[in-house]
*Asks:* 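Take a look at this one; I'll ask things after.
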Amino acid sequence: MSLKDQVVLVIGASSGIGRETAAMLAREGARVVASARRQDRLLDLQRELEAFPVAVLAADASKVEDMDRLVTFARDTFGPVDVLVYVTGTNTPDRSMKRLTPPIWDMMIGVNLNGAYYATQAVLPEMRTRGSGYLIYVSSVSGLAPDLSGAAYQASKR
């Protein structure tokens, strides 16, 4: 599949795997909309990739209205989203069951799991209408085997 002129939405693009994914896709010819919560890091990415069609918008994946606004921004900027890459994820230093609280659990599930749903529900109707599109979710090995990442992270990244 050629990425030439495909509209790719990368959520979680401010650092790590998400940032590298957005950069690689742009260099491969995709029109990339990069999103995360940290606007300053997104602007750094946009400057780094100034030779490529890259747009950025800060958004919080745990908020349905932000995901709807992000998909509208992508459509208005480059056209309908062809590929969604959900690579965002967060963890907490309070991950042990002794320190994990319901608000921390809710935050983890909100970003790592609910956000994936919110982004999907925002792009999927248009993909279905067109009869094409790709949904890519980056998980974690922590979702497959217990490790020190904690119960909330493991559950939400499975």
Side-chain angles (χ1 to χ4, degrees), residues 1-92 104 106-144 149 152-158:
M1 170 184 155
S2 171
L3 293 172
K4 179 80 172 125
D5 295 325
Q6 294 287 301
V7 177
V8 181
L9 174 55
V10 181
I11 302 173
S14 64
S15 64
I17 295 169
R19 180 183 175 89
E20 292 306 313
T21 298
M24 177 199 67
L25 292 166
R27 290 181 182 117
E28 290 293 322
R31 293 177 287 172
V32 174
V33 175
S35 183
R37 290 177 292 180
R38 298 176 286 194
Q39 178 75 13
D40 58 329
R41 290 187 179 196
L42 291 170
L43 292 173
D44 288 344
L45 174 65
Q46 189 175 38
R47 281 188 289 275
E48 176 187 319
L49 299 171
E50 66 185 348
F52 304 98
V54 174
V56 299
L57 183 68
D60 185 338
S62 70
K63 296 180 179 173
V64 68
E65 60 276 4
D66 278 18
M67 293 299 94
D68 289 340
R69 179 175 54 88
L70 177 59
V71 171
T72 298
F73 172 78
R75 183 184 324 106
D76 292 348
T77 303
F78 292 132
V81 174
D82 297 300
V83 181
L84 167 66
V85 181
Y86 192 84
V87 67
T88 196
T90 192
N91 206 343
T92 176
I104 294 170
D106 289 344
M107 179 274 298
M108 297 284 296
I109 296 297
V111 172
N112 296 346
L113 182 59
N114 292 349
Y117 167 72
Y118 299 153
T120 301
Q121 66 85 32
V123 299
L124 194 56
E126 207 164 55
M127 287 180 172
R128 284 186 169 149
T129 298
R130 289 190 334 262
S132 67
Y134 294 93
L135 304 170
I136 301 169
Y137 307 94
V138 177
S139 184
S140 171
V141 70
S142 296
L144 301 175
S149 64
Y153 183 81
Q154 291 168 10
S156 64
K157 292 303 277 184
R158 174 89 170 133

*Asks:* So among I136, L25, V7, which one has a side-chain contact (heavy atoms from CB on, under 4.5 Å) with V83?
*Replies:* I136
*Asks:* Compare every heavy atom of N112 with every heavy atom of G89, then report the nearest pair and how far apart it is.
*Replies:* CA-OD1, 3.0 Å
*Asks:* Strictly distance-based, threshold 3.5 Å: is any side-chain N or O of S62 a donor or acceptor partner for the main-chain N or O of G115?
*Replies:* no
*Asks:* If I compare all heavy atoms of A22 with all of L45, which pair ends up nearest, and what's the gap?
*Replies:* CB-CD2, 4.1 Å
*Asks:* A side-chain contact here means heavy atoms from C-beta on lying under 4.5 Å apart; do V123 and L135 qualify?
*Replies:*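 Sidechains of L135 and V123: in contact.
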*Asks:* Salt-bridge test for R27 and E48: reply yes if a basic N is under 4.0 Å from a carboxylate O, no otherwise.
*Replies:*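 A salt bridge is present here (some side-chain N lies under 4.0 Å from a carboxylate O).
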*Asks:* Check whether any side-chain heavy atom of K63 lies under 4.5 Å from a side-chain heavy atom of Y118, and answer yes or no.
*Replies:*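 No - every pair of side-chain heavy atoms lies 4.5 Å or more apart.
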*Asks:* Rounded to the nearest 0.5 Å, what's the gap from CD1 on I11 to CG on L57? Could you check?
*Replies:*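 Spacing of CD1 (I11) from CG (L57) equals 10.5 Å.
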*Asks:* Taking all atoms of both residues into account, what is the closest heavy-atom pair of R130 and P80, and its distance?
*Replies:* NH1-CB, 3.1 Å
*Asks:* What distance separates M24 CE from L49 CG, expressed to the nearest 0.5 Å?
*Replies:*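 Nearest 0.5 Å value for the CE-CG distance: 12.0 Å.
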*Asks:* Within the 4.5 Å heavy-atom criterion, are E126 and V81 side-chain neighbours or not?
*Replies:* no
*Asks:* On a heavy-atom basis, which atom in A55 and which in Q46 lie closest, and how many Å separate them?
*Replies:*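 Looks like CA-NE2, 3.8 Å.
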*Asks:* Is a donor on one side and an acceptor on the other found under 3.5 Å between the side chain of D82 and the backbone of Y134?
*Replies:*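 Judged by distance alone, no pair lies under 3.5 Å.
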*Asks:* Quick one: closest heavy-atom pair of F73 and V56, and the distance?
*Replies:*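 Smallest interatomic distance, heavy atoms only, reads CZ-O, 3.7 Å.
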*Asks:* Just wondering, more than 12 heavy atoms not from R128 lying within 6.0 Å of its CZ?
*Replies:*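 No, because the 6.0 Å sphere around CZ of R128 holds 12 heavy atoms or fewer from other groups.
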*Asks:* Can you check whether S14's main-chain N or O pairs, donor with acceptor, with R38's side chain at less than 3.5 Å?
*Replies:*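 No, the answer is negative, given that no donor and acceptor are paired below the 3.5 Å cut-off.
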*Asks:* Between V8 and E28, is any pair of side-chain heavy atoms under 4.5 Å apart?
*Replies:*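 No, their side chains stay 4.5 Å or more apart.
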*Asks:* Going from CG on N114 to CG on D106, what distance comes out if it is rounded to the nearest 0.5 angstrom?
*Replies:*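 Reported to 0.5 Å precision, the distance equals 9.0 Å.
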*Asks:* So, for M127 and L84, which heavy atoms are closest and what is the spacing to 0.1 Å?
*Replies:*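 Between these two residues, the closest heavy atoms are CE-N, 4.2 Å.
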*Asks:* Is there a side-chain contact between D68 and Q121 (heavy atoms, below 4.5 Å)?
*Replies:*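 Touching, per the 4.5 Å side-chain cut-off.
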*Asks:* Between R37 and T88, is a side-chain contact (heavy atoms from CB on, under 4.5 Å) present by the stated rule, with each step listed?
*Replies:* CA-CA 10 Å; R37 290 177 292 180; T88 196; 6.0 Å; no
*Asks:* Just verifying a value: how many Å separate L113 CG and Y86 OH, rounded to the nearest 0.5 Å?
*Replies:*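 One gets 8.5 Å once the value is rounded to the nearest 0.5 Å.
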*Asks:* Is it true that D44 and R41 have a side-chain N and a carboxylate O under 4.0 angstrom from each other?
*Replies:* no
*Asks:* Report the distance from atom CG of L70 to atom CG of D60, rounding to the nearest 0.5 Å.
*Replies:* 11.5 Å
*Asks:* Would you find a donor on one side and an acceptor on the other, under 3.5 Å apart, between the side chain of D66 and the backbone of A61?
*Replies:* no
*Asks:* Rounded to the nearest 0.5 Å, what separates atom CE in M108 from atom CG in N91?
*Replies:*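 Answer rounded to 0.5 Å: 4.0 Å.
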*Asks:* Taking C-beta and beyond as the side chain, do V32 and F52 meet within less than 4.5 Å on heavy atoms?
*Replies:* no
